[in-house]
Amino acid sequence: MFSLPRLSPSRLLPLAALALLAGCTIAKPRTDDPLEKFNRKVYAFNDAVDKAVIRPVAVGYRKVTNPPVRRSVSDFFTNIRMPITVANDLLQARPKQALQSTGRFLVNLTLGLGGFFDPASQLGIPLEDNDFGVTLARWGVPDGDYLVLPLIGPTTVRDVWRMPVDSYFFDPLSIYARNHDYKYGQQFLPQMMYLVTLRSRGIDAESFLESAYDPYVFMRDAYRQRRLYQIYDGNPPAEVIQQMQGLNDDNFDPEQLLDEQHQWENKHPEDEHKHP
């Protein structure tokens with residue numbers, strides 16, 4: 001791991017991806033997890049830190065703001081980090097996507113009053129999310145072992161490189177913090193606000209994780225599935241999906257998985273009534 005780059009707070013969020021996991025389909029739990037023993041310990045640590053510190057701050061943020069304000073703040077951070085996507089589009093030799101994302105960035109920066117509004121979407125300019133992990137994947141680098149890092153959360157041996165590379169070279173928030181030095185560390189406030197914004201998004205989707213009979217497995221497989229869809233622009237080949245989900249395995253039995261889920265729910269009936 002590089003020592004110079006500062007990790008963006010967007011990577012310090014074990015549950016940030018929850019808001020994007022609602023569409024995950026049932027799949028055979030992956031068994032190719034040689035680091036599972038270590039990963040589960042780190043997952044438990046991250047979960048404890050989240051419940052003790054990060055989530056309460058995010059809940060407080062939601063209490064003192066309304067949806068329009070949160071949407072504007074979220075739009076601002078989405079737009080200000082668009083250079084990460086543009087840079088990786090160029091690294092992937094995708095000039096059309098890079099031009100499209102650049103146009104979106106400029107439209108929202110100007111017509112959207114600094115990015116607090118999103119006129120680009122109203123103009124039909126689609127939002128793309130790209131990073132250096134996807135760049136490596138599209139150039140043929142295998143994902144490697146699944147990995148859970150302290151205060152960072154799910155990643156892989158390949159995807160972990162997006163943190164130092166994107167953060168150091170492409171992320172405006174990180175570049176700003178690295179090149180400013182205020183007496184009380186105010187240069188890190190935008191990054192911390194971004195962290196709180198991301199975590200507040202995930203609160204609405206926590207029920208998906210709470211209803212899983214093995215939250216660690218759910219997060220692991222959901223992360224892999226989400227990354228796969230990112231790599232293939234939302235349209236992965238059918239054979240790749242089947243391989244990821246274990247559908248081409250003669251021993252795969254979806255009814256057995258549903259039965260295991262129902263057994264877990266019967267043992268934890270109180271979780272069905274939880275509301276974040």
Side-chain angles (χ1 to χ4, degrees), residues 1 7 10-51 54-55 129 131-134 136-137 141-163 198-199 201-232 234 236 239-249 251-254 256-265 267-268 271:
M1 180 67 68
L7 300 184
S10 66
R11 311 304 181 193
L12 307 179
L13 197 56
L15 296 179
L18 279 176
L20 302 172
L21 302 182
C24 294
T25 58
I26 185 170
K28 179 181 179 180
R30 296 278 295 269
T31 58
D32 53 334
D33 187 3
L35 303 177
E36 181 173 357
K37 185 175 180 180
F38 167 81
N39 287 339
R40 283 187 178 274
K41 291 181 180 180
V42 177
Y43 176 86
F45 169 78
N46 287 346
D47 186 54
V49 172
D50 178 74
K51 291 178 179 178
I54 303 176
R55 188 181 188 279
D129 184 20
D131 59 63
F132 191 67
V134 175
L136 292 176
V141 178
D143 57 356
D145 295 337
Y146 177 72
L147 183 64
V148 182
L149 296 179
L151 300 179
I152 293 175
T155 186
T156 64
V157 173
R158 179 193 64 211
D159 287 348
V160 74
W161 289 100
R162 64 180 171 160
M163 290 178 265
L198 282 181
R199 185 60 184 90
R201 293 184 201 169
I203 290 177
D204 291 330
E206 287 177 346
S207 59
F208 291 102
L209 188 62
E210 293 175 348
S211 63
Y213 69 91
D214 189 335
Y216 168 80
V217 170
F218 174 85
M219 183 66 77
R220 179 188 65 193
D221 294 347
Y223 174 83
R224 281 169 158 164
Q225 179 168 331
R226 176 172 174 265
R227 292 300 284 174
L228 185 65
Y229 274 77
Q230 283 183 299
I231 292 168
Y232 287 96
E239 60 271 17
V240 174
I241 298 178
Q242 292 176 356
Q243 180 180 2
M244 178 191 67
Q245 296 184 335
L247 301 180
N248 55 357
D249 188 340
N251 296 322
F252 174 65
D253 184 358
Q256 179 183 355
L257 292 179
L258 288 173
D259 184 60
E260 291 176 359
Q261 174 72 19
H262 293 155
Q263 291 179 17
W264 185 92
E265 292 175 351
K267 293 179 180 179
H268 304 80
D271 291 337

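All values below come from the heavy atoms of this structure, side chains included, with hydrogens, waters and symmetry mates left out.
- Residues Tyr146 and Leu35 form no side-chain contact, since every pair of their non-hydrogen atoms from C-beta on lies 4.5 Å or further apart.
- Ile152 CD1 to Leu147 CG: the interatomic distance, rounded to the nearest 0.5 Å, is 9.0 Å.
- Checked options Asp214, Asp33, Asp145; the residue passing with Arg220 is Asp33 (criterion: salt bridge (charged side-chain N to carboxylate O under 4.0 Å, His left out)).
- Rounded to the nearest 0.5 Å, atoms CD (Glu206) and CG (Leu209) are 8.0 Å apart.
- Partners of Tyr232 by side chain to side chain contact (heavy atoms under 4.5 Å, CB included), not counting sequence neighbours, listed by chain and number: Leu228, Pro236, Pro237, Val240.
- Across every non-hydrogen atom of Val134 and Ile231, the tightest pair is CG1-CA, 4.2 Å.
- Taking Lys51 as the reference, Asp47 meet the side-chain hydrogen bond (donor to acceptor under 3.5 Å, both in side chains) condition, with sequence neighbours excluded.
- Residue pairs meeting the salt bridge (charged side-chain N to carboxylate O under 4.0 Å, His left out) criterion with at least one member in residues 146-159, sequence neighbours excluded: Asp159-Arg227.
- The shortest heavy-atom contact between Met219 and Tyr43 is CB-CE1, 4.4 Å.
- The nearest pair of heavy atoms linking Val148 to Val42 is O-CG1, 3.4 Å.
- Here the NZ-CZ distance, from Lys41 to Phe38, works out to 9.5 Å after rounding to the nearest 0.5 Å.
- Nearest approach of Asn46 to Leu151, heavy atoms of both residues: OD1-N, 2.7 Å.
- Between Thr155 atom OG1 and Trp161 atom CH2 the span is 11.5 Å, to the nearest 0.5 Å.
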